[in-house]
Amino acid sequence: MAYDPNNIFAKILRGEIPAKRVHETEHSLAFHDIRPLAPVHVLVIPKGAYVSMEDFSAKASAAEIADLFQAVGEVARKLGVVESGYRILANAGADARQEVPHLHIHVFGGRPLGPMLQRAE
Ligand code: 5GP
């Protein structure tokens, strides 16, 4: 999938639409999801133009990759879910129902999160 520079997260990165920012570094940005599925629901994204984790892992620099994962840990600490627990998730492509074509890692927490996936019938 080609990167679409007009996706909603690219617009957030350019400051064209607002977001409730949680954490920002040279290479990464974290902000609250607009339709939270848990008391803590934050999205952590690289600032670079990457569609998915596969695209990011193939093309990003070691510094960008380290920075993104450090940002996830920092978000968990800042939002106070380290003790209670949290879940991270990154959807990619149609089967995962990725909605926004810019890599994002969801950080969920603040309540028991239930089973990881429903079993297919
Ligand atoms: P996906 O399904 O691609 O893994 O998740 C996309 C997420 O982006 C959804 O949880 C959705 O609520 C969130 N989202 C979509 N548009 C916006 C927006 O304009 N601002 C913010 N903060 N989150 C958004």
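For ligands, and for the atoms within them, numbers begin at 1 and follow the listed sequence. These numbers come from the heavy atoms of this one structure, side chains and all, not from hydrogens, waters or symmetry mates.
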At their closest point, which heavy atom of Arg111 faces which heavy atom of Pro39, and how far apart are they?
CG-CD, 3.7 Å
Of all heavy-atom pairs linking Ile12 and Arg21, the shortest is O-NH2, 3.2 Å
As an exercise, state the distance from [atom1] of [X] to [atom2] of [Y], rounded to the nearest 0.5 Å.
X	Y	atom1	atom2	result
Leu43	His102	CG	NE2	10.5 Å
Phe31	His41	CZ	NE2	9.5 Å
Ser57	Leu103	OG	CG	9.5 Å
Met53	Ile65	CE	CD1	9.0 Å

If the contact criterion is a heavy-atom separation under 4.0 Å, does [X] count as touching ligand 1?
X	result
Leu43	yes
Lys20	no
Lys11	no

Numbering the atoms of ligand 1 from 1, which are under 4.0 Å from a heavy atom of [X]?
X	answer
Arg35	11 (C), 12 (O)
His104	1 (P), 3 (O), 4 (O), 5 (O), 6 (C)
Gln98	3 (O)
Val100	3 (O), 6 (C)
Arg97	2 (O)
Asn91	1 (P), 2 (O), 4 (O)

Can you tell me the protein heavy atom closest to [atom] and the distance?
atom	value
atom 7 (C) of ligand 1	Asp33 OD2, 3.4 Å
atom 22 (N) of ligand 1	His32 O, 2.9 Å
atom 16 (N) of ligand 1	Ile8 CG2, 4.0 Å
atom 3 (O) of ligand 1	Glu99 N, 2.6 Å
atom 8 (O) of ligand 1	Phe9 CZ, 3.4 Å

Could you check whether atom CG of Asp95 has more than 12 heavy atoms from other residues, nucleotides or ligands sitting under 6.0 Å from it?
no
Could you tell me whether Ile34 approaches ligand 1 through its side chain, its backbone, both or neither, with non-hydrogen atoms closer than 4.0 Å?
both
With a heavy-atom distance limit of 4.0 Å, tell me whether His106 approaches ligand 1 through its side chain, its backbone, both, or neither.
side chain
So does [Y] get a backbone contact from the side chain of [X], meaning a donor-acceptor N/O pair under 3.5 Å?
X	Y	value
Glu99	Asn91	no
Lys47	Glu64	no
Lys78	Val22	yes

